[in-house]
Amino acid sequence: MIVVMAVTATEADVLGVKSAILAEGLTPFDHLGTERSVIAVVGEIGAREPVLIDRFGRLSGVESVTPISRPFKLTSREFHPEDTVIRVLDATIGDGSLTMMAGPCSVESRDQLFETAEAVHAAGATILRGGAFKPRTSPYSFQGLGVEALRYLAEARERTGLPVITEVMEPTRNMQNYSLLTAVGRVARPVMLKRGYGATVEEWLMAAEYIVSSGNPSVILCERGIRTFETYTRNTMDLAAVPLLHHLTHLPVIVDPSHATGKRWLVKPLALGGIAVGADGVMVEVHPDPDAALSDAEQQLNLDQFRDLMAAIGPVHAQVRALHGDPMRAAAAPR
């Protein structure tokens, strides 16, 4: 449920409500909105709901108490109507600007990474991606350079000024590995949560709920394709998920057409499509010589193709913003 405090509520009133929630064996999560505080009540409420709504509603400073209709509480727009904006170094995600994450699937060498990093930076990328630890179906495939790659990524960040995003492998990489979700919820760094290829939107948001409820509100959702009966693409990119997510949640949404399609010639149209339906940004894989890449060669853009994508995507983003306002999903927020 959500406890909405009155505009005139004092700090003592807010503390009083939190104490009452804790006394019931529940957990309060407060959010300071533009005008007033909102407190989400999380825990096993069950049949106590009508009694608790009445009890909390009588407390000093409380304007209203309503149930949260979604199973995901802290990530819902009901609790947090404003868009979450995430900042890392000079990059901002979710404020209406265009976020472009680009770089190689795997860091294969220092020279390969630096050539890519400098090229994507010059073309307008805002975040450098690069895989250090690569889980592969075959134990004989390239598994990444590991810690050595992390050192190269840190050096590339210093050279270009671009923030770095790379996959976390421990305890185990999985959208529904709850130990991992809880662990990243305890770190003070933004987390991008990729949708599992068999996950529903609700399951995806419940995974994000684990991270936020563990203390980390800086979560970015990444649509990277789901498994369907179609075999011509690696996965099926669910573009409808983007506006749906903006309706349901305040978290920013990124699309990854490289993993969704598995084919470099499909990356550009799907990237443009993602921005057209309101995505906050795009993540693509870029390599100086994709055909010689040690992993996912078919889906990586070369440097010229990335520059071409950047030239095309800026006008699409500007047109979408002009048509739908700032931010475009505000009109879809539940009332």
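On a predicted model such as this, the values are computed, not experimentally measured, just so you know.
- Placement of V88 and V184 in two distinct hydrophobic clusters is found when ILVMFWY residues are connected by side-chain heavy-atom separations under 4.5 Å, directly or transitively.
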May I have the list of side-chain donor-acceptor pairs in residues 186-197 shorter than 3.5 Å, sequence neighbours left out?
unit_1: K194; atom_1: NZ; unit_2: D256; atom_2: OD2; d: 3.3
unit_1: R195; atom_1: NE; unit_2: A199; atom_2: O; d: 3.0
unit_1: R195; atom_1: NH1; unit_2: E223; atom_2: OE1; d: 2.9
unit_1: R195; atom_1: NH1; unit_2: D238; atom_2: OD2; d: 2.9
unit_1: R195; atom_1: NH2; unit_2: A199; atom_2: O; d: 3.1

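- Side chains of R234 and Q299: a donor on one and an acceptor on the other come within 3.5 Å.
- Under the rule for a side chain to side chain donor-acceptor pair (under 3.5 Å), the partners of R110 that lie at least two apart in sequence or sit in another chain are E155.
- Under the 4.5 Å side-chain contact rule for hydrophobic residues, F79 and V3 do not share a cluster.
- Looking at residues two or more places apart in sequence or on another chain, you find no side chain to side chain donor-acceptor pair (under 3.5 Å) involving R227.
- Between H250 and H80, the two ring planes are parallel [angle under 30°; tilted spans 30° to 60°].
- Under the 3.5 Å distance criterion, with hydrogens and angles disregarded, a donor-acceptor pair is assigned to the side chains of T75 and E209.
- Residues V41 and F29 fail the side-chain proximity criterion, which asks for heavy atoms closer than 4.5 Å.
- Taken to the nearest 0.5 Å, the OG atom of S213 stands 6.5 Å off from the CG atom of L74.
- When all heavy atoms of V168 and L180 are compared, the pair lying nearest together is CG1-CD1, 3.9 Å.
- The two residues T84 and P217 make their nearest non-hydrogen contact at CG2-O, 4.1 Å.
- Legend: residues meeting ring-ring contact (aromatic ring centres under 6.0 Å, His included) with H317, ordered by chain and number and at least two apart, are absent.
- Tracing side-chain contacts under 4.5 Å through hydrophobic residues (I, L, V, M, F, W, Y), one reaches L245 starting from V212; they form part of the same cluster.
- Other residues, nucleotides and ligands contribute at most 12 non-hydrogen atoms within 6.0 Å of the CD atom of E11.
- Put simply, F72 and V253 are part of the same group of oily side chains (I, L, V, M, F, W, Y) that touch within less than 4.5 Å, one to the next.
- Between the side chain of E35 and the backbone N or O of V7 there is no donor-acceptor pair closer than 3.5 Å.
- The salt bridge (charged side-chain N to carboxylate O under 4.0 Å, His left out) search around R36 returns E63, not counting sequence neighbours.
- Every side chain to side chain donor-acceptor pair (under 3.5 Å) that E24 has, sequence neighbours left out, goes to R48, R55.
- Side chains of H31 and E82 form a contact here, defined as non-hydrogen atoms less than 4.5 Å apart.
- For the atom pair I86 CD1 and D95 CG, the distance stands at 11.0 Å (nearest 0.5 Å).
- Checking side-chain atoms of T249 against main-chain N and O of H246 turns up no donor-acceptor pair under 3.5 Å.
- V62 places a side-chain heavy atom less than 4.5 Å from the side chain of V17.
- Residues V284 and L309 form a side-chain contact, since some pair of their non-hydrogen atoms from C-beta on lies under 4.5 Å apart.
- Listed by chain and residue number, M1, I45, I53, P67 satisfy the side chain to side chain contact (heavy atoms under 4.5 Å, CB included) test with E49 (two or more places apart in sequence, or in another chain).
- Scored by the salt bridge (charged side-chain N to carboxylate O under 4.0 Å, His left out) test, D111 finds no partners at all (sequence neighbours excluded).
- Side-chain polar atoms of S106 and S295 form a donor-acceptor pair below 3.5 angstrom.
- Applying side chain to side chain contact (heavy atoms under 4.5 Å, CB included) to P257 and the options L266, V282, L301 leaves one that passes, V282.
- Counting heavy atoms from C-beta outward, R159 and F114 have side chains that approach closer than 4.5 Å.
- How far CD of E285 is from CD of Q300: 5.0 Å, rounded to the nearest 0.5 Å.
- Note that CD of E118 and OG1 of T116 are 9.5 Å apart. Values are rounded to the nearest 0.5 Å.
- Among all heavy-atom pairs drawn from I68 and K73, the shortest one is O-NZ, 3.4 Å.
- The side chain to side chain contact (heavy atoms under 4.5 Å, CB included) test applied to D90 returns no partner, not counting sequence neighbours.
- Looking at R129, its side chain does come within 3.5 Å of a backbone N or O of P104 through a donor-acceptor pair.
- M237 and I254 sit in two unconnected hydrophobic clusters of ILVMFWY residues. Membership requires side-chain heavy atoms under 4.5 Å apart, directly or through other members.
- A heavy-atom distance below 4.5 Å is found between the side chains of H259 and D296.
- Residues M206 and T200 are not in side-chain contact: their nearest non-hydrogen atoms beyond the backbone lie 4.5 Å or more apart.
- Applying the side chain to side chain contact (heavy atoms under 4.5 Å, CB included) criterion to V147, with sequence neighbours excluded, gives F133, R151.
- Here the OG1 atom belonging to T166 is positioned 6.0 Å from the CG atom belonging to L150, to the nearest 0.5 angstrom.
- Partners of L89 according to the side chain to side chain contact (heavy atoms under 4.5 Å, CB included) rule, which considers only residues two or more places apart in sequence or in another chain, are R157, P163.
- Taking both residues in full, the closest heavy atoms of N302 and V286 are given as O-CG1, 4.1 Å, listed atom of the first, atom of the second, then distance.
- Residue L26 holds its CG atom at 12.5 Å from CD1 of I39, rounded to the nearest 0.5 Å.
- Contacts of D13 classified as side chain to side chain donor-acceptor pair (under 3.5 Å), with partners at least two apart in sequence or in another chain: T10, S60.
- T27 has its side chain out of reach of I21: every pair of non-hydrogen atoms, C-beta onward, lies at least 4.5 Å apart.
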